[in-house]
Amino acid sequence: MAMQVFNSLTRRVEPLEPLAENTIRLYTCGPTVYNFAHIGNFRAYTFEDILRRVVQFNGMKIKQVMNLTDVDDKTIRGANAAGVALTDYTKTYKDAFFADLKVLNIQPAEVYPAATDHIPEMIALVEKLVEKGVAYKSDDGSVYFAVTKFPGYGKLAHIDFDHQRTGARCAADEYDKENVGDFALWKAWEESDGPVGWDSPWGRGRPGWHIECSAMSMKYLGETFDLHTGGIDNLFPHHENEIAQAEAATGKPFVNTWMHCAHLRVNGEKMSKSLGNFFTLRDLLDKGWKGREIRYVLVNAHYRQGLNFAFSALEDARRALERIDRCVDALAARANDEPAPAFAQEALDAFTAAVNDDLNTPKAFAALFDLVRQTNASGTCSKAVLDVFRKMDSVLGVIFFGKAEKAEVPAEVQALLDARAAARAAKNWAESDRLRDEIAAAGWLVKDSKDGQSVTRKSV
Ligand code: AMP
Ligand code: ZN
């Protein structure tokens, strides 16, 4: 069965097929780098990670772009309060974000464009919208998008704005905007912006948040691309506005498929910075939880289902992972070439059907645990079962194959490792480095520690 996903635009489950070159072009709204990301944000990023892994599991390629919002009200406020340059302020949180992605075993996107590196592209897009008559300059030097000029406005959120406009227009009279629904494409410089600002045809200012995503997605993925995602809070107005900006400028459909994940909640409320009910990844690591246990909790629920955060879920994750580890380790210790038992293929088929059915991870985990149970019960020693675990984990990303890998290092790689150990004992670092490269070329990564060298299979 081909991969199917729920498209928020059509509100239907549909096949996900690449527009071109067997590549899914994916844009994912990224972090605003004014603080450490909380695990609610990571619910969105792990959902997108599962999505890109399932795309690859199905033999398609992926080109993912994730933006870094490094200029907005919050980043400017933070930098000015701290008395540091905006770029210095945001760098701390960009670095922290990339470190957190690694801890959660989230595959890196192909491009991470920062908003401040793309101001000319954003200005060009705003100019185009002004030329087309769908955007206007207000008295203070800001530029707004006129939602009444874009007939499709509301199609993603499934809201009929035609019946709501009159009242809105009255209420908007006291503002610079012609209509309350109009949103800023360019924001005129204000005192509180301090040193932050760029020159534009409308005077000094900075881009609005929505224009950032339209400009950068089209730059890297083209005017029409396959897939765009985010948390459900992004659907309106952010994604609706992205569609309006892009389609009004190009006259072409912007994105084929939109996907949104439900929120991570705490005691029934959205986990968010503004409510103060959040845990950062670091908070949980400090309490002794591991990245893969946190990942397990986040990806174990279906992405469109609300997920309530609780420490008991982390305890369950720890036990579940221990059970998987025990099974995989035992299998690795006695693996042989005997043919795969039928249940291994059945579990893989069930797993494949589950992930291809709108990323049904709860069912996929059920297939994984079925495999654990039957492997334990049958006492099979087949290496092929280990391969099935690997295939499943290429999507889930939670299994630790440490022991399995030790048992599987091919003889030629082991010979290179032995030669490298000898070179290191003789302090011949050049030879040691050369052998590291040779081992890498064979598909294995060497790690040195006080206990000597160890290898892991290079991820693909
Ligand atoms: P932000 O930094 O607020 O722009 O959010 C970055 C991403 O995290 C967006 O895709 C949001 O939709 C998502 N997000 C924020 N809070 C939550 C939450 N509690 N649960 C799931 N996703 C969230
Ligand atoms: Zn965005």
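The shown structure was predicted, so the numbers you read here are calculated from the model rather than taken from an experiment. Just follow the structure's listing: the first ligand is 1, and inside any ligand the first atom is 1.
Shortest contact from atom 2 (O) of ligand 1 to any protein heavy atom: T32 N, 3.4 Å. What sits closest to atom 20 (N) of ligand 1 on the protein, heavy atoms only, is L264 N, 2.8 Å. The shortest contact between atom 16 (N) of ligand 1 and any protein heavy atom is with K270 CE, 3.4 Å.
If you check the side chains of D357 and Q4, you find no donor sitting under 3.5 Å from an acceptor. Side-chain contact annotation: H260 with H239, donor-acceptor N/O pair under 3.5 Å present.
Screening R52, H228, Q64 for a side-chain hydrogen bond (donor to acceptor under 3.5 Å, both in side chains) with T28, the sole residue that qualifies is Q64. None of H118, R25, K63 except one satisfies the side-chain hydrogen bond (donor to acceptor under 3.5 Å, both in side chains) rule with Y220; the exception is H118.
Using a 4.0 Å cutoff on heavy atoms, K273 does not count as a contact of ligand 1. Residue Y45 places a heavy atom under 4.0 Å from ligand 1.
Considering backbone and side-chain atoms alike, D233 places an N or O below 3.5 Å from some N or O of ligand 1. Ligand 1 has no N or O atom lying under 3.5 Å from any N or O atom of P31, backbone or side chain. Looking at M271 next to ligand 1, an N or O pair under 3.5 Å apart turns up. For ligand 1, none of its N or O atoms has an N or O atom of R43 under 3.5 Å away. Close N/O approach between A262 and ligand 1 is not found [any backbone or side-chain N/O within under 3.5 Å]. Considering both main-chain and side-chain atoms, G230 never comes within under 3.5 Å of ligand 1 through any nitrogen or oxygen pair. The shortest N/O to N/O separation between E48 and ligand 1 does not fall below 3.5 Å.
Contact annotation: H238 places an N, O or S atom under 2.8 Å from the Zn ion (ligand 2). Residue side and main chain included, H210 places no N/O/S atom under 2.8 Å of the Zn ion (ligand 2).
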Subject >> Evaluation steps, side-chain contact (heavy atoms from CB on, under 4.5 Å), between V13 and V5 >> reply: CA-CA 5 Å; V13 176; V5 296; over 6 Å; no

Subject >> Steps toward side-chain contact (heavy atoms from CB on, under 4.5 Å) verdict (L221, M216) >> reply: CA-CA 8 Å; L221 299 173; M216 302 202 293; over 6 Å; no

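Using a 4.0 Å cut-off between a side-chain N of Lys or Arg and a carboxylate O of Asp or Glu, D387 and K391 do not qualify as a salt bridge. Between R282 and D286, no side-chain nitrogen of the basic residue sits less than 4.0 Å from a carboxylate oxygen of the acidic one, so the salt-bridge criterion is not met.
Proximity to N234 (heavy-atom distance under 4.0 Å) selects the following atoms of ligand 1: 9 (C), 10 (O), 11 (C), 12 (O). Of all the atoms in ligand 1, the ones that sit under 4.0 Å from a non-hydrogen atom of A44 are 8 (O), 10 (O), 13 (C), 22 (N). Under a 4.0 Å criterion applied to the non-hydrogen atoms of G40, ligand 1 contributes the atoms 17 (C), 18 (C), 19 (N), 20 (N), 21 (C), 22 (N), 23 (C).
In this structure, T46 OG1 and L396 CG are separated by 11.5 Å, a value rounded to the nearest 0.5 Å.
For the pair R265 and F309, the cation does not sit on the ring face, since its NZ or CZ is not both under 6.0 Å from the ring centre and inside 45° of the axis. Figure legend: cation-pi geometry between R323 and F369 absent, as NZ or CZ is not positioned both under 6.0 Å from the six-membered ring centre and within 45° of its axis.
Taking each of L298, N41, L235, N35 in turn, the one with a heavy atom nearest to atom 3 (O) of ligand 1 proves to be N41.
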